[in-house]
Every structure is written in C-alpha cells, then in structure tokens.
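Below is one structure, written out as structure tokens; comments come after it.
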2 protein chains.
Amino acid sequence: MAAMATLQLESLGPFRALSDEGRKLLRQGLVLKDCAPPAPILHKGQSISGAYFVVRGRLRVYALAPDGTEATMYFIDPGETCVFALNSLFNDLRYPAWVQAEEDTTVALIPGPLFRRLFEREPSIQDVTVRALSTLVFRLMQELEEVHAYKLDQRLANLLLLHANADGELRMTQQQIAQHLGTTREVVGRLMGELVSAGAVETGRGRTLIRDAAALAGLISGA
Amino acid sequence: MAAMATLQLESLGPFRALSDEGRKLLRQGLVLKDCAPPAPILHKGQSISGAYFVVRGRLRVYALAPDGTEATMYFIDPGETCVFALNSLFNDLRYPAWVQAEEDTTVALIPGPLFRRLFEREPSIQDVTVRALSTLVFRLMQELEEVHAYKLDQRLANLLLLHANADGELRMTQQQIAQHLGTTREVVGRLMGELVSAGAVETGRGRTLIRDAAALAGLISGA
DNA sequence: CGGCGAGTGTAGCTTTTGTTACATACCTGC
DNA sequence: GCAGGTATGTAACAAAAGCTACACTCGCCG
C-alpha cells in the first residue's frame, strides 16, 4: 500500500524529481488515508503528525466561529499540500483550523520527522514547500484584504465570477455559498434576489447562472 | 557600507550560521537602505527586487481599500523579514500590499538572484525562510478568523490586551487603532467610550490604560 | 400520488457598523 | 497666554448585515 501511494505521489509534480535515496525513504514512511465527506479530518487544536498531500479528491479548510458559522479559507486539490499542517510541523504549533473532505479523498501522510529529513536533503521538496507556503500567504492576504475592503454583495459577485464554470454556471447551494463568505443563507438569498432583479444572474435549485458578467464586474469595482 | 550591513545582519539570528562562502556572497551583494517614516517603501503592484530584512526600526505592512481606509496586516521588527517580498520573489508575483516605516528604519536588501542562490546552499537560510513564511501564514490565518468571528468591540478588547505594555498601557491614538482594525476613528471612540463607562479602561491623549483586564477578556469570550 | 426533506423566496425587525457634523480638550511654539 | 494643529467626545442618522419566522417549490421515494 505504501508503495502504491509512493507511485501515485511520484506522478504528482515535485516528487518526480526526488533522488533515489529520497524515494526510498518516502516509500518506507508513507501512510495512505482514505477520507469520506462529512467527518472532519483535522480539527482545531490538534497537533500535527506530518505533511498531508492530496492524491485524489478535494479537501476544504475552514474556520469555525463560536456560534457555529463556518467560513471556507481555501481548498486543497490533488497535488497540493495542506500548508497549515506544514506550518504546524515546522513551528510545532497546534493546527489552527478545521479540515473536511469535500468528496471521497485520498491523502498521503508523510510523517513529520521523515518530511523534515526530506526537506533538508531534497531541493525539490524545499521548493514545493516554499512555493506552497508562499502561495498560501498570497491567497490569505487577498482574502483578508477582500474581507475588509469589499461589501458582501461585491464579494458574492466576485465568488460567482471566480468559481463559475465556462458556461457561467455555478453548482453550489446558497447554503454553501454562505459558508464560503462567512455569512448566512438568508443574506445570500437576499443578495441573489437583487442580482436576479438586476438581470445579472438566474437562479435555480443548487445552481446559479451568470447572465451578465459585466454587470457583476461592474458591481465589484463600481459600487 | 555593504560590509557593515553584513556585520549587522550577522548579529541577527539566522545569518550567524552562514558558511564562509555564503558570508562572502552576502558581503558582495548586500544593499543597505535607510527609510524615514511617512513615505511608502513598497507599494502595491510593485515588482520585487529582493529579500528585505529589517536591521533597525520597524516596518508596517498594510492593505489599502479603494476608499482610502487602511488596515494593518502585520509589523516587521528587527531580525525579521518581509515575507510578502520573499513570497513575490519565489513566485514572481507583484507585491500585494503597502509597506511603510513606522520609525527611522534600516533595511538590508538581498537581491533576488543572490537570495535564491543562498537559499539553495545554506540550510540556515532555508530554515529562516520557511519559518518566516510559516509564521506569517499562522498570523494571517488568525487574523482572518478573528475578522469573521468577532465583532469590533471584541477585536478592540483583544488588541488592547495584546498590545498593551506591562503596565497595561497602550500608546496609540484612536486613529492608529482604527487603522489596525480597518475601521474609522469615530467607531473606535464610541467603543472606547463604552469601555470607559464599564470601568474597563481609562483614556488619555495618545494612550489607553487598562483598568480591568478581566472585563476585557470576558468581553472577548462572553458577549 | 402523497409526503418528506432539501433548497429557495420573502418580509420585518434588530444589531452593528459606518457617516456626517461639530464641539471640546490638549500640546507646542511663538 | 494664545494660535493652530492634533486628538478626542458626542449625537443623530444611514446603511449593511444578521436574525426570526414562515411559505413555497421541486424532486425523490415509498
């Protein structure tokens, strides 16, 4: 099983460049984990045992307010790593958020000591680590700026434009959208209503269709 | 001048562990820059020429909303590095925020190519890089969570408890506090007023004195 | 076909935050 | 001590977002 996991990992970018020795170490220490949607994989305050790489599926990282409302911070797609875990690993900190599988997901867990050893020796691991951290810093920064600079309707418009597929369709329920934005369904519903009467979108059960992308873009910069 | 800068840098943590070769490279490429308070050092969208380390003084990194309100993201104290710059350096991105000196500040600039070369060869540089990124991720994450989970009065109470000195005194104007929290002076004034009438703090020109830390703490968790 | 649950639409009300507009206090240099 | 800039106090109003409550629609499954 560990061998298979290694093979799968090696097909993902950075691990292709591993030295033979690194590959051998990886093969010995790797743990493969299958995760099903509803249950949290990591919870806040947990101490971290290693570096997580998503092989298949998708993870969602989110914050949880005391009153129970969630706010998605980012997703982890195949080939990416959970940076908070990396972070906790290098700083010996507790994990600062929750993680949940969005769909059936396979995760490769590289135990902490092994990952540190790989990091010291393998330039490709150094590279992927710094790049991952770096990218996350950028994303978080943008998110933070967005939260303080834009109103909810603008953030909603932004989410629609960013996450809709090529046909301008977004397959998410209003509840899910609300969780992303850190607000409630009713508020999303209300704002959607405004967008509908402005002719910018059409709504349906579990889907939103963009009718007038320019109007949305205008809302973001204009209002 | 470059030699002096190297000396100063070497007195700061990670650079003490440099190899002789690394030290030599550093001595050749280092640029020292003095910065005075009001003018921005980096502005949003600027492309980054190297890694910035603060030798003396203090830098403030902040976001700027379209309407001109600021929100401090974090400070860079001596021995620390500007992680956004590191970030932009490794990902070839534009700098995503503004930076300003808070007081007279000396900055050591290690040009990009040199820093990359050092990163490849020097474990201590790898370490300081990952640690800096890592710490920032953690801070940003906390900040993001705080923004969405707490109300302004709670965030204000938190700021007071975190940033006050040992005597419970915080030397900041309400205007500065407002900038930190991404709001306006009037709102800070109003909330301060509530804290004063609750007997939790005393206010004076450019300073706030905590009278009842427990009340502040209770506000954060309780309300 | 009828009931159930998930998803949505709508309305009114409350709380929180932002805005506007002044008044007042404090400090520094002249 | 007085002028002018800087910092704070206050009050009323406006806007944004959250909360509560309920009606409705659609699709699915028995």
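In what follows, every heavy atom counts, from backbone to side chain, and hydrogens, waters and symmetry copies are set aside. Chain identifiers are assigned alphabetically (A, B, ...) following the order of the sequence lines, protein sequences preceding nucleic acid strands; residue numbering begins at 1 within each chain.
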Checklist entry - To the nearest angstrom, how far is B:Ile177 atom CD1 from D:dG9 atom P? => result 11 Å

Checklist entry - Do any pairs count as a ring pair (Phe, Tyr, Trp, His ring centres under 6.0 Å) and have a residue in residues 171-201 of chain B, sequence neighbours left out, and if so which ones? => result B:Phe75-B:His180

Next on the checklist: According to side-chain hydrogen bond (donor to acceptor under 3.5 Å, both in side chains), who are the partners of B:Glu146, at least two apart in sequence or on a separate chain?
Outcome noted: B:Asn158

Checklist entry - With sequence neighbours excluded, what pairs up with B:Gln175 under the side-chain contact (heavy atoms from CB on, under 4.5 Å) test? => result B:Thr173, B:Gln179, B:Arg185

Checklist entry - Residues in side-chain hydrogen bond (donor to acceptor under 3.5 Å, both in side chains) with B:Glu145, at least two apart? => result A:Lys44

Next on the checklist: Does any part of the side chain of B:Leu30, heavy atoms only, come nearer than 4.5 Å to the side chain of B:Ile110, both counted from C-beta?
Outcome noted: yes

Next on the checklist: Going by the rule side-chain hydrogen bond (donor to acceptor under 3.5 Å, both in side chains), which residues pair with A:Arg171 if we only count those two or more places apart in sequence or in a different chain?
Outcome noted: A:Glu169

Checklist entry - In residues 188-214 of chain B, what residues come within less than 4.0 Å of DNA chain C, judged by heavy atoms? => result B:Arg190, B:Arg205

Checklist outcome for this item: To the nearest angstrom, the CD-P distance between B:Glu186 and D:dC13 comes to 17 Å

Item to check | Nucleotide C:dT16, atom P - distance to OH of B:Tyr150 in whole Å | outcome: 16 Å

Checklist outcome for this item: The side-chain hydrogen bond (donor to acceptor under 3.5 Å, both in side chains) partners of A:Arg155 (sequence neighbours excluded) come to none

Taking only distance into account, with no hydrogens and no angle test, what donor-acceptor pairs under 3.5 Å do side-chain atoms of residues 195-205 of chain B form with protein atoms, sequence neighbours excluded?
unit_1   : atom_1 : unit_2   : atom_2 : d
B:Ser197 : OG     : B:Gly193 : O      : 2.9
B:Ser197 : OG     : B:Glu194 : O      : 3.2
B:Glu202 : OE2    : B:Arg211 : NE     : 2.5
B:Glu202 : OE2    : B:Arg211 : NH2    : 2.9

Next on the checklist: Under 4.0 Å, heavy atoms only, any strand: does A:Thr173 hit a base, just the sugar-phosphate, or nothing?
Outcome noted: sugar-phosphate

Item to check | Whole-Å distance separating the CG atom of A:Leu152 from the P atom of C:dG18 | outcome: 13 Å

Next on the checklist: How many whole angstroms separate atom CD of B:Gln175 from atom P of D:dA7?
Outcome noted: 8 Å

Next on the checklist: Measuring only between side-chain heavy atoms, which start at C-beta, is A:Leu170 closer than 4.5 Å to A:Leu159?
Outcome noted: yes

Item to check | Out of D:dG18, D:dT8, D:dT20, whichever nucleotide has its closest atom nearest the side chain of B:Gln174 | outcome: D:dT8

Checklist entry - Nearest-Å distance, CD (B:Gln176) to C1' (D:dT6)? => result 12 Å

Item to check | Degree of bending in the helix from C:dC1-D:dG30 to C:dC30-D:dG1 once both end axes are built from five pairs, to 10° | outcome: 20°

Item to check | Base D:dG9 to side chain B:Arg185, donor-acceptor N/O within 3.5 Å cut-off | outcome: yes

Checklist entry - Within this structure, what is the NE2-to-C1' distance between B:His148 and D:dG18, rounded to whole angstrom? => result 13 Å

Checklist entry - For C:dT17, does either OP1 or OP2 sit under 4.0 Å from a side-chain N or O belonging to B:Thr184? => result no

Checklist entry - Rounded to whole angstrom units, what separation is found between the CG atom of A:Asp153 and the C1' atom of D:dA15? => result 11 Å

